[in-house]
There are 2 protein chains.
Amino acid sequence: MSKHQKEMGVLKEHLGKHQLKYTRQRELILDAFLKQEHITAEEMYHQLARKDPHLGLATIYRTLNLFCEAGLAQARHFGTQTQYDNISHKGHHDHLICTDCGKIVEFENCDIERLQEEVATRNGFTIKTHRLELYGLCARCRH
Amino acid sequence: MSKHQKEMGVLKEHLGKHQLKYTRQRELILDAFLKQEHITAEEMYHQLARKDPHLGLATIYRTLNLFCEAGLAQARHFGTQTQYDNISHKGHHDHLICTDCGKIVEFENCDIERLQEEVATRNGFTIKTHRLELYGLCARCRH
DNA sequence: TTTGAAATTGATAAACCGTCTCAAAAAGAA
DNA sequence: TTCTTTTTGAGACGGTTTATCAATTTCAAA
């Protein structure tokens with residue numbers, strides 16, 4: 001009995017609508033995915049290698065893309081890799097990044113999020129996720 | 001006499017600080033880059049092929065990455081390619097990105113920028129640049 | 001202006017990420 | 001069970017970006 005009844009329901013509904021099948025691999029990958037806020041295919045590959053050493057990387061890519069189509073995940077290109085964000089995981093945090101020492105401070109700001117919504121609405125968009133990074137110098141590196 | 005005195009100054013200062021040299025290729029690439037709002041390495045490669053048929057693709061990648069380090073450019077990964085944004089072109093533009101069709105809408109929002117400054121100040125940071133990307137569905141893809 | 005150490009270049013090889021291919025296996029309806 | 005369809009795993013593949021390295025260029029010092 002999984003803890004992720006709701007998400008599993010969403011997935012099964014999507015599978016049903018598209019003549020797709022519910023497989024052991026898809027269940028395994030869904031369980032691992034829902035525990036994360038965001039993950040890359042490569043990370044998941046290593047993470048699941050213990051549970052199923054024969055699970056192929058291609059299957060993980062296929063399945064994460066399937067989750068995107070089902071509305072459970074959201075792909076985001078970060079650096080050279082693709083991050084798959086867990087949509088159901090809220091509390092999105094943004095980053096302040098020091099370009100000198102690499103220090104990263106996480107923050108959350110409701111006012112900014114509200115303004116983002118406004119901008120999106122004005123342009124006919126519906127936001128699913130966002131990414132905000134502020135680059136500069138931290139207090140120590142400014143001197 | 002270039003039109004881009006200010007940016008060239010920024011580049012030369014960065015070069016000086018890091019024992020790097022000012023070359024014909026870097027000047028050529030900077031000129032081409034500053035005319036664009038954003039460009040890929042491949043696009044620039046073709047664009048500059050007429051002026052210098054022997055200019056290598058690797059040099060373009062190296063130089064665009066150098067511009068990022070100097071604070072003149074900002075890399076953005078979309079799809080399989082990397083877009084190099086011209087920081088100076090506008091104040092700074094942010095992006096609304098449709099995850100379905102890839103459509104990109106640029107926007108600027110002073111209120112958001114002001115709130116960003118507040119967050120930074122509160123954390124002792126001095127912002128040099130930022131990156132804000134809103135991911136979702138555009139009006140057409142929502143249906 | 002020449003000299004010489006250090007950085008840069010161009011050409012191409014290599015790495016990297018993600019997708020495609022296809023035979024074998026699994027799912028699921030009848 | 002049987003049969004059709006989908007999925008899987010393994011590796012090949014394709015496109016983008018980085019690494020390699022000998023030859024060239026820059027630029028500071030003589």
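All of these numbers come straight from a predicted model, not from anything done at the bench.
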**Request:** Would you mind telling me which residue lines up with the more 5' stretch of DNA chain D, A:T63 or B:L57, judged by nearest nucleotide?
**Result:**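 Upstream on the strand: A:T63.
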Pairwise N/O distances under 3.5 Å, protein to nucleotides 20-25 of chain D:
unit_1 : atom_1 : unit_2 : atom_2 : d
D:dT20 : O4     : B:R62  : NH1    : 3.4

State whether [X] places a side-chain N or O below 4.0 Å from either non-bridging phosphate oxygen (OP1 or OP2) of [N].
| X | N | value |
| --- | --- | --- |
| A:N65 | C:dT19 | yes |
| A:H54 | D:dT8 | no |
| A:Y61 | C:dG18 | yes |

Looking at every heavy atom in both [X] and [Y], which two are closest together, and how far apart are they?
| X | Y | result |
| --- | --- | --- |
| B:Q81 | B:T40 | NE2-CG2, 3.5 Å |
| A:L57 | A:A41 | CD1-O, 4.0 Å |
| A:K21 | A:L15 | O-CD1, 3.9 Å |

**Request:** Compare the minimum distances between each of C:dT9, C:dC17, C:dT8 and the side chain of A:Q81, then state the nucleotide with the smallest one.
**Result:**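 Closest nucleotide among those given: C:dC17.
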**Asked** What's the closest nucleotide to the B:R26 side chain, out of C:dG10, D:dG9, C:dT8?
**Response**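 Given the options C:dG10, D:dG9, C:dT8, the side chain of B:R26 is closest to C:dT8.
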Rounded distance (Å) that lies between atom [atom2] of [N] and atom [atom1] of [X]:
| X | N | atom1 | atom2 | result |
| --- | --- | --- | --- | --- |
| A:L55 | D:dT7 | CG | C1' | 12 Å |
| B:L11 | C:dT8 | CG | C1' | 14 Å |
| B:I60 | D:dT18 | CD1 | P | 13 Å |
| B:L64 | D:dT16 | CG | P | 15 Å |
| B:K12 | D:dT26 | NZ | P | 13 Å |
| B:Q83 | D:dT16 | CD | P | 12 Å |
| A:H77 | D:dT17 | NE2 | P | 12 Å |
| A:L20 | D:dT5 | CG | C1' | 11 Å |

**Message:** On DNA chain C, does the nearest nucleotide to A:Y84 precede the nearest nucleotide to B:H18 from the 5' side, or the other way round? Give the residue.
**Reply:**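 Looking at DNA chain C, the more 5' nearest nucleotide goes with B:H18.
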**Asked** Going by distance alone, is a donor N or O of one side chain under 3.5 Å from an acceptor N or O of the other, for B:H130 and B:Q74?
**Response**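 Note: B:H130 and B:Q74 side chains miss the donor-acceptor criterion.
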**Message:** Over all strands shown, is A:T82 touching base, sugar-phosphate only, or nothing at heavy-atom distances under 4.0 angstrom?
**Reply:**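 Since only primed, P, OP1 and OP2 atoms lie under 4.0 Å of A:T82, the category is sugar-phosphate.
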**Prompt:** Is A:E42 touching bases, backbone alone, or none of the nucleic acid, heavy atoms closer than 4.0 Å?
**Reply:**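 Since no nucleic acid heavy atom lies under 4.0 Å of A:E42, the category is nothing.
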**Message:** Go through it in stages, so that I can follow the logic: the residues are B:R142 and A:T126, the test is side chain to side chain donor-acceptor pair (under 3.5 Å), and I'd like the CA-CA distance, side-chain angles, deciding distance and then a yes or no.
**Reply:** CA-CA 8 Å; B:R142 192 166 49 240; A:T126 311; 2.5 Å; yes
**Message:** Checking B:N65 now: which residues fulfil side-chain hydrogen bond (donor to acceptor under 3.5 Å, both in side chains) with it, not counting sequence neighbours?
**Reply:**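 Listed in chain order: B:Y84.
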**Request:** Assess whether atom CZ of B:R140 is packed by more than 12 heavy atoms of other residues, nucleotides or ligands within 6.0 Å.
**Result:**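 12 or below, so no.
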**Message:** Less than 4.0 angstrom from a charged side-chain N to a carboxylate O is my criterion; do B:D85 and B:R131 meet it?
**Reply:**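 No, B:D85 and B:R131 are not salt-bridged.
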**Message:** Ring-plane angle category for B:F67 and B:F33, please: parallel below 30°, perpendicular beyond 60°, tilted otherwise.
**Reply:**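 Rings of B:F67 and B:F33: tilted, as their planes differ by 30° to 60°.
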**Request:** In sequence, state the C-alpha distance, the side-chain angles, and the governing distance for A:E133 and A:H95, and then conclude on side chain to side chain donor-acceptor pair (under 3.5 Å).
**Result:** CA-CA 5 Å; A:E133 289 159 5; A:H95 298 106; 4.9 Å; no
**Message:** Angle between the end axes of the helix from C:dT1-D:dA30 to C:dA30-D:dT1, five pairs per end, to the nearest 10 degrees?
**Reply:**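 Comparing the axis at each end, I get an angle of 30°.
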